[in-house]
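All figures in this text were calculated on a predicted structure; none of them were measured in a lab.
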Amino acid sequence: MTEATPLPPLPDHLSTDPRSPHHVAALFERDIGIRFNGKERLDVEEYCISEGWIKVPSGKTVDRKGRPLLLKLKGKVEAFYR
């Protein structure tokens with residue numbers, strides 16, 4: 001029987017975009033879940049727990065570089081490992 005390695009704590013601010021200064025590639029080796037206002041969201045691109053917001057894509061709308069436009073939603077944010 002092997003001991004499971006302890007999971008690193010999730011940061012206060014995390015982004016899925018590798019160009020962002022808030023992107024930590026090592027954390028994405030595990031599946032991360034976001035609960036926003038009591039409901040689990042699967043489309044979160046970025047979050048900040050202390051400021052209470054998430055960024056999600058706004059449909060099929062993209063900017064001139066082809067990246068999705070993001071909406072900032074405010075509320076209670078919880079991050080966890082699945």
Side-chain angles (χ1 to χ4, degrees):
M1 198 182 233
T2 62
E3 284 189 32
T5 59
L7 297 174
L10 289 170
D12 176 58
H13 191 158
L14 186 63
S15 174
T16 59
D17 185 7
R19 295 176 300 247
S20 172
H22 300 290
H23 179 80
V24 181
L27 292 177
F28 291 105
E29 292 174 0
R30 297 255 183 200
D31 201 18
I32 297 173
I34 303 295
R35 194 171 293 116
F36 181 68
N37 289 337
K39 294 183 181 177
E40 189 171 348
R41 298 284 304 242
L42 303 174
D43 59 347
V44 176
E45 296 283 328
E46 188 172 352
Y47 73 83
C48 183
I49 296 173
S50 64
E51 294 177 14
W53 56 261
I54 61 171
K55 287 187 180 180
V56 295
S58 65
K60 295 182 180 181
T61 310
V62 294
D63 65 7
R64 62 184 173 194
K65 296 180 181 177
R67 290 177 276 182
L69 289 178
L70 300 176
L71 293 174
K72 187 182 223 182
L73 305 175
K74 294 187 178 190
K76 185 178 179 191
V77 180
E78 300 171 53
F80 58 92
Y81 287 106
R82 289 190 196 158

I'd like to know if the side chain of [X] and the backbone of [Y] have a donor-acceptor N/O pair within less than 3.5 Å.
| X | Y | result |
| --- | --- | --- |
| Thr61 | Leu69 | no |
| Tyr47 | Gly52 | no |
| Asn37 | Gly75 | no |
| His13 | Cys48 | no |

Q. Do Arg82 and Glu40 meet the salt-bridge criterion of a basic N to acidic O distance under 4.0 Å?
A. yes
Q) When you check the gap from the basic side-chain N to the acidic O, do Arg19 and Asp17 get nearer than 4.0 Å? A) yes
Over all atoms of both residues, closest heavy-atom pair of [X] and [Y]:
| X | Y | result |
| --- | --- | --- |
| Ile49 | Val77 | CG2-O, 3.8 Å |
| Asp43 | Pro57 | O-CD, 3.2 Å |
| Ile54 | Ile34 | CG2-CG2, 4.3 Å |

In Å, rounded to the nearest 0.5 Å, how long is the span from [atom1] of [X] to [atom2] of [Y]?
| X | Y | atom1 | atom2 | result |
| --- | --- | --- | --- | --- |
| Ser15 | Glu46 | OG | CD | 4.0 Å |
| His23 | Leu14 | NE2 | CG | 8.0 Å |
| Leu73 | Trp53 | CG | CH2 | 11.0 Å |
| Lys55 | Lys72 | NZ | NZ | 5.5 Å |

Q) Given side chains that start at C-beta, do those of Tyr81 and Pro8 come closer than 4.5 Å, heavy atoms only? A) yes
Q) Taking a hydrophobic cluster as the set of Ile, Leu, Val, Met, Phe, Trp and Tyr residues connected by side-chain heavy atoms closer than 4.5 Å, whether directly or through intermediates, do Leu70 and Val62 fall within one such cluster? A) no
Q: Please check if Phe80 and Leu27 belong to a single hydrophobic cluster, counting links between Ile, Leu, Val, Met, Phe, Trp and Tyr side chain heavy atoms closer than 4.5 Å.
A: no
Q.
How about CZ on Arg30, more than 12 heavy atoms from neighbouring residues, nucleotides or ligands closer than 6.0 Å, or not?
A. no
